[in-house]
Every structure is written in structure tokens, then in C-alpha cells.
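In what follows, every chain begins at residue 1, and chains take the letters A, B, ... in the order their sequences are listed.
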Amino acid sequence: MKIATWNINSVRRRTGNLTDWLKRAQPDVLLLQEIKCQDDQFPRLEVEAAGYCCAVVGQKSWNGVALVSRTQPEVINRALPGDDGDVQARYVEARFATSAGPLHVASIYLPNGNPVGTEKFPYKLAFMRRLHQRAHELLDSEALVVLAGDYNVCPTDKDVYDPIAWANDALCRPESRQALRAILNLGYTDAFRALHPGVQAYSFWDYQAGAWPKNNGLRIDHLLLSPQATDRLKACGIDRAERGRPEPSDHVPVWVELDAAVAG
DNA sequence: ATGACAGGATTTTCCTGA
């Protein structure tokens, strides 16, 4: 089965990009971030016409995540547990039955955290601590777990086109990297880095300053796999070409193939 | 030449993002 993540930067602006990509890439599950719309504004009919159903956690103007899939999952969480006061739509988690047992997937839009020195950075770090807690809980089930999304963290300098210029940015700060490593140290695997250890590859290129033609990118969209999912990891890729299509998102899809089949 | 973006909305300007 194929599971993908994509920060689409407004699903209404990019409904055609979305349905075209679904038809080409044929994922079983697609985890979207930054849909930038409320639940009833999601292009549900277009997605259903492409052969998919959707679970949407929307919000007016900003943020918003969704889970698009061939079969209807059981939605487990419509917010990241641990802070009832957090009203930003950044997390949806669901469970599928597969040939290899239960599969838990989450679509995560992790806070950017800039500018460092404002309340945004501690909000990011607190969100990461909550994600660590949830990731820890999910390991107990020994299920296949795929925690995927826009993490807004470059794990290492290899994941940044200009590490010196970005050293003090919230995406590269030691605190952000440490918090990501803490999740990995629970037993999760960064799928792309596991299969492509020496490759410099990016998932985001800013719209500004010719970042795309100059390949000034960042690798910030990740799929973190539990040990049981990692055991079944067959392939992982970044659909770089999507950034060169008309009116693209500034992020591109990242995907894994797992040796298991979604039931039903 | 070292420039230069995009989306949403309390829209014709400002806020946000990375």
C-alpha cells in the first residue's frame, strides 16, 4: 500500500492539482495539510469523483488537515491530545484494517515556530512534546503507525540548502531538532532518510527569490514509521516534479510503499 | 542587475507562512 503526505497550501486553489495527482500516483491514503478551509468548503465531490473519501479537520483561513483514502477509516482523534486550549486545526488521526493488522495514520501540520523569541516558538515545542506523548502511546499497540505531515523541522544540515543562513531559524534550531530526535528515539524511523541515507533532497521550495529554479529547498515533510511499519517499508520517494507544474504548492508529495494491503 | 511569492479576508491592504 502507498501512503503519502502533502502540504497543499489551500485545497480550494489546488483542487485540480490534487485530483490529477491522485489519478497519477494512486495512493491508498493521502494526508493533507494547510487545506486553508472549513469542513464544508473542502472539495469533497471532486475527491469522491476521483475514487476517494475524506475526513476533514478544517478551519477558517489557516491551517486545516485532511485524510483522503480509498476506504473509510475509523477516525480516532480530530486534534492532538494534551491541550484542550489549542484551537488550531493541525492533527487528524485514523485507523485502517490491513492485511498486516491495524494501521494508524496521522496527518500533522506542525507549527512553524518563527519568529524565535515570540510565543510561536514555545507553542511549536509544546506541540512537539504532545506529539511525542501520542507517538509513545501508539507504540504500545504494536500496530503499523505512520505519523506523517509537514513537521516544519529540517532534521539535519543535510536537509537545508544553506545551513549557516538557517541555523537560527525555528526549522533548524537545536531545540526543534532535539524534539524531533526524541520522537525518533522512541523507535520511529524517518522513512526517506532510512532508504536514501546519502541523498540531499527537499520537499519544500519557497515561492520567493527564485528558490525553485535555484533548488534552494528544505526537507521538512516527513513520514515517521513505527518499528512494525518500518519492517514493511519497501520504498519512499519525493514527487519533486509536482513543484514544476502550473500553480504548484510550495511543498510536494512525499510517499512510502509498505508491504501490506488495506482491507476492504 | 543579485531582483523576485502566494493565499485568505474584517479584500484594494494587511497578516501569515517558511
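Put simply, Y109(A) has a side-chain N or O that comes within less than 4.0 Å of OP1 or OP2 on dA18(B). Put simply, N112(A) has a side-chain N or O that comes within less than 4.0 Å of OP1 or OP2 on dA18(B).
Between Y161(A) and W166(A), the ring-plane angle classifies as perpendicular under the 30° and 60° cut-offs.
Spacing between atom CG of N63(A) and atom C1' of dT16(B) amounts to 10 Å, rounded to whole angstrom units. When the C1' atom of dA18(B) is taken as reference, atom OH of Y202(A) falls 15 Å away, rounded to whole Å. The distance between atom CD1 of I8(A) and atom P of dG17(B), rounded to the nearest whole Å, is 19 Å. Look at CD on E119(A): it is 9 Å from P on dT16(B), rounded to the nearest Å. Atom CG in N114(A) sits roughly 13 Å away from atom P in dT16(B) (whole-Å rounding). In this structure, K124(A) places its NZ atom 15 Å from C1' of dT16(B), rounding to the nearest Å.
Without hydrogens or angle criteria, R90(A) side chain to S107(A) main chain gives no donor-acceptor distance under 3.5 Å. Looking only at distances, a side-chain donor or acceptor of Q33(A) sits under 3.5 Å from a matching main-chain atom of L31(A).
Aromatic pair W6(A)/W21(A): ring centres closer than 6.0 Å.
dA6(B) and dA18(B): their C1' atoms are spaced 12 Å apart (whole Å). Rounded to whole Å, the separation between the C1' atoms of dT2(B) and dT13(B) comes to 28 Å. Separation of the P atoms belonging to dC15(B) and dT11(B) is 13 Å when rounded to the nearest angstrom. Spacing of C1' atoms, dC14(B) relative to dG3(B), comes out at 23 Å, to the nearest Å. To the nearest whole angstrom, the two P atoms, one in dT16(B) and one in dT10(B), are 14 Å apart. Nucleotides dT12(B) and dG8(B) have their C1' atoms positioned 14 Å apart, rounded to a whole Å.
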Nucleotide by nucleotide, nucleotides 2-12 of chain B touches protein heavy atoms under 4.0 Å in the pattern (B base, S sugar-phosphate only, - none) --BBSBSSS--
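Using modelled atom types and a 3.5 Å distance limit, the side chains of N7(A) and E34(A) yield a donor-acceptor pair. D86(A) and Y123(A) are linked by a side-chain donor-acceptor pair at a separation below 3.5 angstrom, with hydrogens and angles left out of the test.
Residue N216(A) is out of contact with every strand shown, counting any heavy-atom pair closer than 4.0 Å. Counting non-hydrogen atoms under 4.0 angstrom, N152(A) reaches the backbone sugars and phosphates but no base.
Legend: side chain to side chain donor-acceptor pair (under 3.5 Å) pairs involving residues 207-217 of chain A, not counting sequence neighbours, sorted by first then second residue: N9(A)-Y207(A), W205(A)-N215(A), N215(A)-R240(A).
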